[in-house]
K.L.:
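Before anything else, here's the structure in question.
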Amino acid sequence: MYGLVDCNNFYVSCERAFQPRLENKPVVVLSNNDGCIVSRSAEAKALGIPMGEPLFKVRPLIEQHDVHALSSNYALYGDMSGRVMSYLASQAPEMEIYSVDEAFLSLHGMGLLQPSLEAYARDIRKEVKRRTHIPTCIGLAPTKTLAKLANRVAKKNASLGGVLLLDSPERRQWALEQVAVEDVWGIGRQYATKLYSLGITTAASLSRCSEAMARKHLGGVVGARLVRELQGYPCHGLAPSEDGTLKRKSIACTRTFGKPLARFEDVLGAVAAFASRAAEKLRRQESAANVLTVFLSQNRFGTAPPPHTRSAQVTLPIATSSTLELVRFARALLGRLWQPGLVYVKAGVILDGFEEGEQKQLSLFAPDGGERAERLMHKLDALNARFGKNSVQVATALGAVGKQPGAWKGQQQRRTPAYTTDWNQLWTINS
DNA sequence: TCTGGGGTCCTAGGACCC
DNA sequence: TCTGGGGTCCTAGGACCC
């Protein structure tokens, strides 16, 4: 049996935890540069504000209904996520962090729990709410796909009290009938269109599909697994997250610039900053990367002919997590991609091909195994932890000498304070 | 005027290698 | 007339997820 715990309207809920006045009001959280809607309160959804919509398209709606629109505050959301996850980890034998606001719990052998699995899930909801102010829903089912589905049904039906357990064929059938096929985990826009044209419109009818049909229309073995999971046969196991943190197979740092950039030094400053950030994340999970990719994009909504994105990749001589090394290679890749005269709106750095801490390949040319670089990075991270983000950084990331640094940075005009992660932004209470 | 960021998995063609 | 098989690397792109 699996449990899926999913935070409701997560980013909005994080903001509300520190601003109770936002309770019961329409609230949205915006993406980087305040560009798109990425989280909506129930009230905002009810107004018909779509997920992922550019802000400028819904601005009239927002002004008309006095919707609170906030810039995204990832320091806050990451910290709140950590609080939720560490509590959840204490409540189940195994847990897989699936995303910033979702976790699968393995409930193997807990079926005999007294008084019931449902009561167990209700307790978890109550306690997460008490500790963090974050509302959640929980789906319980024999497969991950059904747990996702149960969670969705619980979210849509207030009468269920936020918890749905699918432990009998009857309950499973009932739940399958509640869910449209496009809302099944693993069915996106393309597959949904195809399924509708085949007359399959609900999760229930999808669950009756033949394996051949699933393989033919839903991406081969992936689709076959999906249908089996809906039928109650587990095809996806739990990938436990060690000590409440996620280990990634790739790490990216990509941004749309605050304004289009045409000068090499400005873009280099951005790419160096992105490489630095990616390297930090890499060191935090104690990996080293073998592969580095840099990409550069022109405006895909503009007049430039495709392709809008070009990328270049290098396999590093030795796996590394050193900011200095990675910035050096990123600069070389950028040089390969750069086309003078073009205007760029976005760039990114992606790290791949990880080796783990203890099993790193040694090199003939770095006989100390990169130990000096490692010690240096350790100091760098310690300084930045102590004195604040980017207190010490590579000069390349500052852009051209004598120019305004961070030409790539965007605006976040409606950002709330980092209430929980910065001493200088702690909540102040007037007595 | 204004259009996110970070992931996973899979496929495919061309270059190059043995 | 006939032109291998198998591998990696690189770039690109498609599908999905949150």
Side-chain angles (χ1 to χ4, degrees), chain A residues 4 6-11 28-40 50-60 62 69 71-72 74 77-78 81 96-104 144-145 148 151-152 182-194 215 217-223 225-226 236 239 246-260 274 277-278 281-282 285 290-302 306-316 333 336-337 345-354 410-413:
Chain A
L4 177 72
D6 189 328
C7 300
N8 303 346
N9 315 329
F10 184 59
Y11 294 171
V28 298
V29 172
L30 307 172
S31 64
N32 193 38
N33 290 338
D34 297 338
C36 292
I37 311 284
V38 294
S39 181
R40 305 162 297 158
M51 179 67 174
E53 192 76 350
L55 177 61
F56 73 87
K57 286 192 182 170
V58 289
R59 203 180 281 278
I62 281 185
S71 300
S72 39
Y74 292 107
Y77 313 148
S81 172
E96 172 185 343
I97 298 175
Y98 178 67
S99 74
V100 69
D101 69 337
E102 268 178 75
F104 285 103
K144 283 178 152 184
T145 307
K148 288 282 287 186
N151 190 292
R152 182 174 180 93
E182 66 268 29
D183 296 326
V184 171
W185 191 38
I187 302 297
R189 274 239 311 276
Q190 309 294 319
Y191 291 166
T193 306
K194 202 180 287 181
R215 279 185 186 265
H217 297 289
L218 304 176
V221 66
V222 178
R225 286 194 194 117
L226 196 165
H236 300 294
L246 249 179
K247 252 204 180 158
R248 298 279 182 199
K249 295 180 174 174
S250 73
I251 287 175
C253 182
T254 72
R255 287 279 178 287
T256 301
F257 306 140
K259 54 176 193 272
F274 302 164
R277 177 81 189 103
K281 293 194 211 171
L282 186 64
Q285 71 161 39
N290 276 299
V291 177
L292 170 67
T293 306
V294 172
F295 74 80
L296 208 47
S297 301
Q298 294 177 270
N299 186 0
R300 67 185 196 279
F301 301 104
H308 298 116
T309 298
R310 294 210 313 137
S311 71
Q313 199 178 62
V314 63
T315 300
L316 303 168
L333 290 177
R336 262 162 60 187
L337 290 173
V345 300
K346 176 176 178 171
V349 171
I350 302 162
L351 304 176
D352 269 314
F354 295 165
Q411 296 300 307
Q412 287 209 301
Q413 297 183 345

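Quick note on labels: first sequence line is chain A, next is B, and so on, each numbered from 1.
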K.L.:
Show the nearest heavy-atom pair for residues A:Ser72 and A:Ser31, with the distance to one decimal.
P.N.:
OG-C, 3.9 Å

K.L.:
Does any non-hydrogen side-chain atom of A:Lys281 lie less than 4.5 Å from one of A:Arg277?
P.N.:
yes

K.L.:
Take atom CZ of A:Arg40 and atom C1' of C:dC18, then tell me their distance rounded to the nearest Å.
P.N.:
13 Å

K.L.:
Could you check how far CZ of A:Phe354 sits from C1' of B:dG7, rounded to whole Å?
P.N.:
11 Å

K.L.:
Indicate, with a heavy-atom threshold strictly under 4.0 Å, whether A:Gln313 touches base, sugar-phosphate, or nothing.
P.N.:
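Base contact.
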
K.L.:
Rounded to whole Å, how long is the line connecting atom CG of A:Asp101 with atom P of C:dC17?
P.N.:
15 Å

K.L.:
Looking at the side chain of A:Lys148, which of C:dC18, B:dG7, C:dC16 is the nearest nucleotide?
P.N.:
C:dC18

K.L.:
Classify the nucleic acid contact of A:Gly188 as base, sugar-phosphate or nothing, counting any heavy atom under 4.0 Å across all strands shown.
P.N.:
sugar-phosphate

K.L.:
Once you round to the nearest 0.5 Å, how far does SG of A:Cys253 lie from CG of A:Leu282?
P.N.:
12.5 Å

K.L.:
Do any N or O atoms from the side chain of A:Lys144 and from the backbone of A:Leu4 form a donor-acceptor pair under 3.5 angstrom?
P.N.:
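Not a single qualifying donor-acceptor pair exists.
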
K.L.:
Side chain of A:Tyr98 only, please: which of C:dC18, C:dA15, B:dG7 is the nearest?
P.N.:
C:dC18

K.L.:
Taking only nitrogen or oxygen atoms into account, show me every contact under 3.5 Å that the protein makes with nucleotides 9-14 of chain B, one pair per line with its distance.
P.N.:
from	atom 1	to	atom 2	distance (Å)
B:dC9	OP1	A:Lys249	NZ	2.8

K.L.:
Measure the acute angle between the ring planes of A:Phe274 and A:Phe257, then classify it against the limits of 30° and 60° as parallel, tilted or perpendicular.
P.N.:
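Correct class here is parallel.
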
K.L.:
Checking side-chain contact (heavy atoms from CB on, under 4.5 Å) between A:Phe10 and each of A:Val29, A:Val38, A:Asp101, which is the one that passes?
P.N.:
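Among A:Val29, A:Val38, A:Asp101, the one that satisfies the side-chain contact (heavy atoms from CB on, under 4.5 Å) with A:Phe10 is A:Asp101.
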
K.L.:
Count the heavy atoms of every other residue, nucleotide or ligand shown that sit under 6.0 Å from NZ of A:Lys247, and state whether that count exceeds 12.
P.N.:
yes

K.L.:
Are side-chain heavy atoms of A:Tyr74 and A:Val100 found at a separation under 4.5 Å?
P.N.:
no

K.L.:
Could you tell me the separation between the CZ atom of A:Arg189 and the C1' atom of C:dA15, rounded to a whole number of Å?
P.N.:
12 Å

K.L.:
Just checking A:Glu53: base, sugar-phosphate only, or nothing, at a heavy-atom cut-off of under 4.0 Å?
P.N.:
nothing

K.L.:
Rounded to whole Å, please give me the gap between CG in A:Leu226 and C1' in C:dA15.
P.N.:
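Roughly 13 Å, once rounded to whole Å.
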
K.L.:
Pull out every protein N or O sitting under 3.5 Å from an N or O of nucleotides 1-5 of chain B, one pair per line with the distance.
P.N.:
from	atom 1	to	atom 2	distance (Å)
B:dG4	O4'	A:Ser31	OG	2.7
B:dG5	OP1	A:Asn32	ND2	2.8
B:dG5	OP1	A:Thr256	N	2.7
B:dG5	OP2	A:Thr256	N	3.2
B:dG5	OP2	A:Thr256	OG1	2.8
B:dG5	O3'	A:Arg255	NH1	3.2

K.L.:
Roughly, in whole Å, what's the span from CG in A:Leu246 to P in B:dG7?
P.N.:
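Atom CG in A:Leu246 sits about 9 Å away from atom P in B:dG7.
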
K.L.:
Does the side chain of A:Arg215 come within less than 4.5 Å of A:Val221's, by heavy atoms?
P.N.:
yes

K.L.:
Reckon A:Ile187 touches a base, only the sugar-phosphate, or nothing at all at heavy-atom distances under 4.0 Å?
P.N.:
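Sugar-phosphate, no base atom in range.
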
K.L.:
Could you tell me the separation between the CG atom of A:Leu333 and the CZ atom of A:Arg336, rounded to the nearest 0.5 Å?
P.N.:
5.5 Å

K.L.:
Would the distance check show the side chain of A:Asn299 and the main-chain N or O of A:Val345 forming a donor-acceptor pair, the cut-off being under 3.5 Å?
P.N.:
no

K.L.:
Taking atom P of C:dT8 as reference, at what distance in whole Å does atom CG of A:Asp352 sit?
P.N.:
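Rounded to the whole Å, the gap is 16 Å.
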
K.L.:
Determine the stems involving DNA chain B; a stem requires 3 or more consecutive pairs of the Watson-Crick or G-U wobble kind, each with both distances below 3.5 Å, and the answer is none if no such run exists.
P.N.:
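Correct response: B:5-18 with C:5-18.
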
K.L.:
Between atom OH in A:Tyr77 and atom P in C:dC18, what is the gap in whole Å?
P.N.:
19 Å

K.L.:
Under 4.0 angstrom, heavy atoms only, what part of the nucleic acid is A:Val29 near: base, sugar-phosphate, or nothing?
P.N.:
nothing

K.L.:
Would you indicate what A:Thr315 reaches in the nucleic acid, counting non-hydrogen atoms under 4.0 angstrom: base, sugar-phosphate, or nothing?
P.N.:
sugar-phosphate

K.L.:
Aromatic rings A:Tyr98 and A:Phe104: how do their planes relate, parallel, tilted or perpendicular, breaks at 30° and 60°?
P.N.:
perpendicular

